[in-house]
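Input: a single structure, listed below in structure tokens.
These numbers were taken from a predicted model, which means no experiment stands behind them. Whatever order the structure lists ligands and atoms in, that order sets their numbers, starting from 1.
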Amino acid sequence: MFDFRSLTVPVVGAPMAGGPSTPELVAAVGAAGGFGFLATGYATAAKVGREIAELRQRTDALCVQGPEAGGHRGTFHIADTPSETPLDQLLEQVRAVTELPLIASGGIATADRAGALLALGADAVQVGTLLLRTPEAGTKPAHKAALADPRFSETVLTRAFSGRPARALRNSFVDEFSAAAPAAYPYVNTLTTALRKAAAADPDTLNLWAGTGYRHAGTEPAAVVIARLGARIAERRCTPSHSGLTKTSHRTAGE
Ligand SMILES: Cc1cc2nc3c(=O)[nH]c(=O)nc-3n(C[C@H](O)[C@H](O)[C@H](O)COP(=O)(O)O)c2cc1C
């Protein structure tokens with residue numbers, strides 16, 4: 001089993017389907033000392049097979065996704081309303097029942113936030129939105145631009161694009177269709193695919209997936225983003241005011 005404690009940088013590049021996750025992005029995050037994570041949503045089995053063959057990454061771990069995460073929220077059933085339980089609390093609840101490596105995810109964009117989650121028992125933190133504007137990400141240019149555009153000033157949870165709850169920048173499509181959108185994934189997704197393809201350059205029609213930390217997403221290479229976050233997490237761990245927050249809750253003596 002993969003040991004997350006072997007990572008030089010305890011940061012996971014989140015899986016992000018629909019273009020952003022490329023084997024190149026996954027490899028760049030891994031090469032920078034973090035953990036690259038391939039997305040398989042929307043992909044055919046043949047495509048996934050090709051990408052896995054390219055990456056050869058495997059692990060056994062749990063990803064704990066909080067309410068601030070960008071993109072689709074994990075739920076057991078499509079009609080479920082995702083929980084609003086804060087990530088910190090969720091992480092503690094999951095840690096209480098398992099020793100599996102845990103990846104904390106959702107809205108993470110700073111070393112302070114990452115450090116706090118690692119101190120609560122996460123083995124790594126996962127960042128998705130933070131990588132969306134990097135050159136390696138296959139994010140549509142209109143999506144990249146919207147993440148930095150002051151006109152898009154908040155994220156909301158919506159079923160408007162796919163029929164499943166997902167966090168996106170609030171745009172005209174969200175305003176117009178959220179109230180009417182049924183819990184009917186993948187049908188709503190299929191219905192809006194052609195629209196979104198035709199409007200690839202129109203940020204008011206696109207599904208602009210984004211977590212709450214989207215204002216921190218920069219345009220530097222993924223390696224720089226991951227290495228800087230890792231360095232700041234390490235610095236924070238050495239700072240006396242934070243050094244008491246060491247990870248002890250689930251470790252046995254001698255580890
Ligand atoms: C553009 C985008 C696409 C995503 N696609 C997937 C996916 O295919 N599979 C998945 O498990 N999570 C997906 N997610 C959710 C991420 O894996 C992760 O939970 C989320 O990015 C973490 O929150 P953050 O974006 O605030 O860092 C996606 C997120 C984004 C932003």
Side-chain angles (χ1 to χ4, degrees), residues 10-23 25-26 29 34-45 47-48 51-52 57 59 61-76 78 82-83 85-88 90-91 94 102-111 113-114 117 122 124-134 136-148 152 154-158 161-162 164-171 174 185-186 189 193 196 200 203 206-218 222 225-226 229:
V11 176
V12 176
M16 298 182 287
S21 286
T22 57
L25 179 64
V26 175
V29 172
F35 186 86
F37 202 148
L38 191 64
T40 57
Y42 319 126
T44 60
K47 181 167 184 276
V48 175
E51 292 185 342
I52 289 178
Q57 296 274 16
T59 191
L62 290 177
C63 186
V64 183
Q65 186 197 50
E68 293 162 322
H72 284 110
R73 293 289 307 282
T75 54
F76 289 105
I78 286 162
S83 154
T85 305
L87 178 57
D88 300 38
L90 208 55
L91 191 62
V94 179
L102 298 184
I103 305 167
S105 174
I108 302 165
T110 65
R113 184 71 185 122
L117 291 162
V125 295
Q126 171 168 276
V127 296
T129 299
L130 194 62
L131 297 169
L132 281 178
R133 297 178 68 221
T134 62
E136 292 90 344
T139 315
K140 290 185 179 67
H143 189 172
K144 283 190 175 180
L147 289 161
F152 299 101
E154 63 174 323
T155 64
V156 288
L157 205 60
T158 179
F161 296 103
S162 70
R164 269 182 59 205
R167 185 169 294 284
L169 292 179
R170 183 176 168 191
N171 62 6
V174 167
Y185 180 90
N189 188 61
T193 299
R196 287 184 279 122
L206 283 180
N207 51 318
L208 303 170
W209 296 154
T212 55
Y214 68 96
R215 284 296 188 230
H216 292 273
V225 174
I226 297 292
L229 185 57

Problem set entry | Atoms of ligand 1 close to Gln126 [distance to a heavy atom under 4.0 angstrom, numbered from 1] | 17 (O), 18 (C), 19 (O)
Exercise. Which one of Pro67, Gly70, Ala14 has a non-hydrogen atom at the shortest distance from atom 15 (C) of ligand 1?
Worked result: Gly70
Seminar exercise, completed: closest protein heavy atom to atom 19 (O) of ligand 1 is Gln65 NE2, 3.1 Å
Problem set entry | Candidate pair Ile108 and His216, rule side-chain contact (heavy atoms from CB on, under 4.5 Å), full reasoning | CA-CA 9 Å; Ile108 302 165; His216 292 273; over 6 Å; no
For this session: Compute the shortest N/O to N/O distance between Gly128 and ligand 1 and return yes if it is under 3.5 Å, no if not.
Result: yes
Exercise. So, for Val174 and Leu169, which heavy atoms are closest and what is the spacing to 0.1 Å?
Worked result: CG2-O, 3.9 Å
Problem set entry | Side chain Ser162, main chain Asn189, donor-acceptor under 3.5 Å | no
Problem set entry | ligand 1 contact by Ser105, heavy-atom criterion under 4.0 angstrom | yes
Problem set entry | Closest protein heavy atom to atom 11 (O) of ligand 1, given as residue, atom name and distance to 0.1 Å | Pro15 CG, 3.9 Å
Exercise. Got the closest protein heavy atom to atom 25 (O) of ligand 1, with its distance?
Worked result: Thr129 OG1, 2.6 Å
Exercise. So, do Leu87 and Val64 sit near enough that their side-chain heavy atoms are less than 4.5 Å apart?
Worked result: yes
Problem set entry | Heavy-atom closest contact (Phe161 atom, Asn171 atom, distance) | CZ-OD1, 4.1 Å
Exercise. Ligand 1 and Ala17, any nitrogen or oxygen pair closer than 3.5 angstrom?
Worked result: yes
Problem set entry | Within reach of ligand 1, part of Met16 (heavy-atom separation under 4.0 Å) | both
Problem set entry | Heavy-atom pair of closest approach, residues Arg133 and Lys144 | NE-O, 3.2 Å
For this session: May I ask you to check whether Trp209 and His143 place their ring centers less than 6.0 Å from one another?
Result: no
Exercise. What is the distance from atom CD1 of Ile103 to atom CG of Leu91, rounded to the nearest 0.5 Å?
Worked result: 11.0 Å
Exercise. Any N or O of Val127 that comes nearer than 3.5 Å to an N or O of ligand 1?
Worked result: no
Exercise. With a cut-off of 4.0 Å, which atoms of ligand 1 are near a heavy atom of Gly211?
Worked result: 26 (O)
Exercise. Taking both backbone and side-chain atoms of His72, is any N or O found less than 3.5 Å from an N or O belonging to ligand 1?
Worked result: no
Exercise. Is ligand 1 less than 4.0 angstrom away from at least one heavy atom of Gly213?
Worked result: no
For this session: Please determine if His143 has a nitrogen or oxygen closer than 3.5 Å to a nitrogen or oxygen of ligand 1.
Result: no
For this session: Compare all side-chain heavy atoms of Leu130 with those of Leu229 and state whether any distance is below 4.5 angstrom.
Result: yes
Seminar exercise, completed: Tested for side-chain contact (heavy atoms from CB on, under 4.5 Å) against Leu102, the lone hit among Leu90, Leu117, Val94 is Val94
For this session: For Ala39, counting its heavy atoms only, list the atoms of ligand 1 lying under 4.0 Å from any of them.
Result: 8 (O)
Exercise. For Gly107 and ligand 1, does the shortest N/O to N/O distance drop below 3.5 Å?
Worked result: yes
